[in-house]
Amino acid sequence: MNKLLLAGLLLAALAGCKAEREPDTKTTNVIDATVAADPNSFAQPDKVRIEHINLDLKVDMAAKVLRGSAEYRLQWLDDKANELVLDTRGIDIRSVQGLDGKKWRDLPFKLDAEDAIYGSALRIRMKQQLPQVRINYATRPEASGLQWLAPEMTASKQPFMFSQSQAIHARSWVPLQDTPGVRFTYDARIRTDKSLMALMSADNDPAAKRDGDYRFSMPQKIPSYLLAIAVGDVVFKPISSRAGVWAEPSVVDAAADEFSDTEKMIQVAENLYGPYQWGRYDMLVLPASFPFGGMENPRLSFMTPTVIVGDKSLTSLVAHELAHSWSGNLVTNSSWKDMWLNEGFTSYVENRIVEAVYGKDLATMEDVINQFGLAEEMQGLAPADQLLALAPLVGRDPDEALTGVPYVKGQWFLKFLEERFGREIFDPFLKHWFTTHAFTSTHSAEFERFLEVELLAKHPGKVSIGEVREWLHEPGIPSSATPAQSKRFEAVDAIQAKWLAGKLPAAEFESKAWSTQEWLRFLEKMPATLSPEQMAELDTAFAFTGTANAEIAQRWYPLTVRSGYLQARPSMEAFLTSIGRRKLIMPTYEELAKTPQGREFGLQVFEKARPGYHPITVGSVGKALAEPVPEPATAEEPAK
Ligand code: BES
Ligand code: ZN
């Protein structure tokens, strides 16, 4: 019998037991023995697990540190275990105590030498398996999971701080078992300057009094990468009775308008996949240095302000982060090699929400854009990185392993299944996956098993297991995939072809009604370089240089670099220094890095922009501009 089959049978047996148990989402810590160890964490969750964390932290904006304590309730699983191993990175541990009977006693601890990617294991030895442990600690200003913004970097000119824990940055601000395979509940007391508001991935009260002393509770079990905090001058505006937006005062109205379809989106997702399980759904709009588009922190998604463009054209970001309330936050990848279970499922659900709220045209255009981006990116990816079910990320930084593959190929796979089985069969199947795996961490082999038993076997003759395996375990895009096709993009392509042939001046385009996506298509489909006259003609007609739409800027500025269109440089610099979202600025830096002069300019801009960038963005830009001029990645590049 082959290993896969054996694993499948084992999983099937285990899942059988699981199904008989009433799911108690609040208290049980489902122990899934099939979840292999996470190579990106030092923790040993097969021996002991954190069940609950109680944080008591003071936020020192001037010193850029969090100081205080974390108290853990532990569940011991191995009789012989006598050590609690936690992940930390750059945390100063003051003391460790254990609850022995009714008394807190000091415990000896040891910090291992620091690993550049994973940080230091904190080892706490104890004679008996104590039920509770407390750590007194302080973070450092350079903590990779926190960004401390100087007042001038925010809209309201007040200090601001926020966390970004995914993938493995929670360990830089709380010592914990930093693996998505462990889930815990938490409470927190956060003390800040009286003039600032604190928020967490927990039960934020829209009516909370701003007094500098805040308490939070997260009663649902979450993995460490969803632990989140933000402190700043933010105010609340409701969207519906259970949804709303937090933002700096000068941004909150525009944000609430842009995101006003949120309640509709929640209802679409609930109709498809079952009730929203997290109480409120709020969003926090961060300053522009936020390194991502969005982050699905439970009950409080963190959002980039760059999607507030006035016409709701980029609100698929809301659909995406909201969708994680099912795919990711409810059903979580147990280690980062299976990230497609989070991001691919979420991209699929996102697109279903977009289709229901804004129509098929927009949903299809977004599919085409994503598939186009994936095809380009895949050319530079090693075959091993083109799989959905990746090999364990041993010795690798999960942030570096982040590509479009889990997102777009993952979504495409689910879309393929949807097309073959039809929505009337596939929608209930997906709902069943979320319901049966709610509040657990899981992996690709379990999905493969579930798919075989619950879909393929029940509806034979529609999809073969060979086709499924090709999607999960082979590089590239399987031949069974249907590429998305958009009529509206065909019209854009036709206009572009005429313009390139010199038969239609830019000023005469019938592009008045074009959406952001049509403009993106227009720019994306351009030849690698254009002539100075062509660039100038486009710029005169459409004012791309200096555009307020960062998605357009993301595609225009690299084209200006390739085409030697230097007039764009001052605006390009303003773009690169005002925004820290990696996806938006990296293509321009990467293009600049290809020539010595470009690299020189890139370094000058980076120098100015750096104080305003998040540590994650600093890392990515620094790498892109590092000497020697990086060759485009090749398929031979060895996996780290
Ligand atoms: N969870 C991700 C962001 C993330 C991924 C942070 C990996 C750290 C490591 C979030 O849900 C996401 O996918 N954001 C996208 C949004 C887009 C696909 C709509 C982003 O930031 O661009
Ligand atoms: Zn996501």
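Atoms within a ligand are numbered from 1 in the order they appear, just like the ligands themselves. Position 1 is the first residue of the sequence, and the numbers go up from there. As the structure is a computational prediction, the values presented were derived from the model and not from experiment. Atom set for the values below is all heavy atoms of this structure, side chains included, hydrogens, waters and symmetry mates excluded.
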Tell me: protein heavy atom nearest atom 2 (C) of ligand 1, and distance? E343 OE2, 3.3 Å
Only to 10 degrees, please: what angle do the NE2 atom of H324 and the OE1 atom of E343 make about the Zn ion (ligand 2)? 100°
Return the minimal non-hydrogen interatomic distance between A548 and V309, and the atom names on each side. O-CG1, 4.3 Å
Non-hydrogen atoms of A384 and L387 that approach each other most closely: O-CG, 3.6 Å
Can you find an N/O atom of E296 closer than 3.5 Å to an N/O atom of ligand 1? yes
Backbone or side chain, does any N or O of Q164 fall under 3.5 Å from an N or O of ligand 1? no
What's the separation between atom OH in Y348 and atom CZ in F413, rounded to the nearest 0.5 Å? 12.0 Å
Between E296 and the Zn ion (ligand 2), is there a contact where an N/O/S atom of the residue lies under 2.8 Å from the metal? no
Considering only distance and modelled atom types, tabulate donor-acceptor pairs under 3.5 Å from the side chains of residues 293-301, sequence neighbours left out.
unit_1	atom_1	unit_2	atom_2	d
R299	NE	W278	O	3.0
R299	NH2	Q220	OE1	2.8
S301	OG	Y281	OH	2.7

Check the side chains of T346 and S327 for a donor-acceptor pair under 3.5 angstrom, ignoring hydrogens and angles. yes
Specify the closest pair of heavy atoms between E258 and G310, including all atoms of both residues, with the distance to one decimal. OE1-N, 2.7 Å
Does any N or O atom in S316 lie less than 3.5 angstrom from one in ligand 1, N or O only? no
Output the list of atoms in ligand 1 that are nearer than 4.0 Å to some heavy atom of L402, sorted by atom number. 7 (C)
Which of the ligand 1 atoms, numbered from 1, are nearer than 4.0 Å to a heavy atom of Y407: 2 (C), 5 (C), 12 (C), 13 (O), 18 (C)
For atom 15 (C) of ligand 1, tell me which residue out of E321, H324, M339, R582 has the closest non-hydrogen atom. E321
Is a side-chain donor or acceptor of Q277 paired with a backbone partner of L330 at a separation under 3.5 angstrom? no
Shortest protein heavy-atom distance from atom 4 (C) of ligand 1, along with the residue and atom involved: Q166 OE1, 3.3 Å
Can you classify the ring geometry of F544 versus W556 as parallel (below 30°), tilted (30 to 60°) or perpendicular (above 60°)? tilted
Distance-only, no hydrogens or angles: does the T88 side chain make a donor-acceptor pair with backbone N or O of I91 under 3.5 Å? no
Minimum-distance protein heavy atom relative to atom 17 (C) of ligand 1: L317 CD1, 4.2 Å
Before signing off on this row, confirm whether G293 and ligand 1 have an N or O atom pair separated by under 3.5 Å. yes
The closest protein heavy-atom partner of atom 10 (C) of ligand 1 is G294 O, 3.2 Å
Within ligand 1, which atoms have a heavy atom of R581 less than 4.0 Å away? 22 (O)
Search all heavy atoms of V618 against all heavy atoms of Y613 and return the closest pair with its distance. CG2-CB, 3.6 Å
For the Zn ion (ligand 2), find the closest N/O/S atom belonging to H320 and write down its atom name. NE2
Atom 8 (C) of ligand 1 has as its nearest protein heavy atom F292 CZ, 3.4 Å
